[in-house]
Amino acid sequence: QVQLVESGGGLVQAGGSLRLSCAASGGTFSNYAMGWFRQTPGKGREFVAAISRSGFTFDYADSVKGRFTFSRDNAKNAVYLQMNSLKPEDTAVYYCAARSAPGSLTTYIQSDHYSRWGQGTQVTVSS
């Protein structure tokens, strides 16, 4: 089973940028579709972005379209979330998720479709 470790979170001013990374180990990474979710206290996990196992198909939450970019490097067993024009409402713990995917172009936007999760990384955007 793949193991996931996120990094890259931190404190940034509104309008700034951060790049989150998620390193995978213990599985055949190219078999997994990946997703990013975020969670704030008292709320459930919110979908942010998804990428197919091939890296050719994407989905984004409306709230981040045009600001966030999801990419993957199957050679490095990693995915990245480039976050630009950050807003205070982007403040959350961000989680990387993985699931084995039979189709190379399929993306998954529901949290219960994912079987593997990282420990999360805190992103705080100050106004």
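Between D90 and K87, no side-chain nitrogen of the basic residue sits less than 4.0 Å from a carboxylate oxygen of the acidic one, so the salt-bridge criterion is not met.
Here W36 contributes atom CH2 and F47 contributes atom CZ; the two are 13.0 Å apart, rounded to the nearest 0.5 Å.
Between F68 and Y94, the ring planes lie tilted relative to each other; the angle falls in the 30° to 60° range.
Among all heavy-atom pairs drawn from L20 and G9, the shortest one is CD2-N, 3.6 Å. Taking each heavy atom of T107 and A50 in turn, the nearest pair found is CB-CB, 4.0 Å. Looking at every heavy atom in both residues, R72 comes nearest to A33 through NH1-CA, 4.2 Å. When all heavy atoms are compared, the tightest approach of L4 to A24 is CD2-CB, 3.8 Å.
Only one option out of Y95, Y108, W117 pairs with F37 in a ring pair (Phe, Tyr, Trp, His ring centres under 6.0 Å); it is W117.
Judged as a side chain to side chain contact (heavy atoms under 4.5 Å, CB included), and not counting sequence neighbours, the contacts of S100 are Y32.
Contact of the V2 side chain with the M34 side chain is not registered, since no non-hydrogen atoms from C-beta on lie closer than 4.5 Å. The closest side-chain heavy-atom distance from S17 to V12 is not below 4.5 Å. Between S30 and R53, every side-chain heavy-atom pair lies at or beyond the 4.5 Å cut-off.
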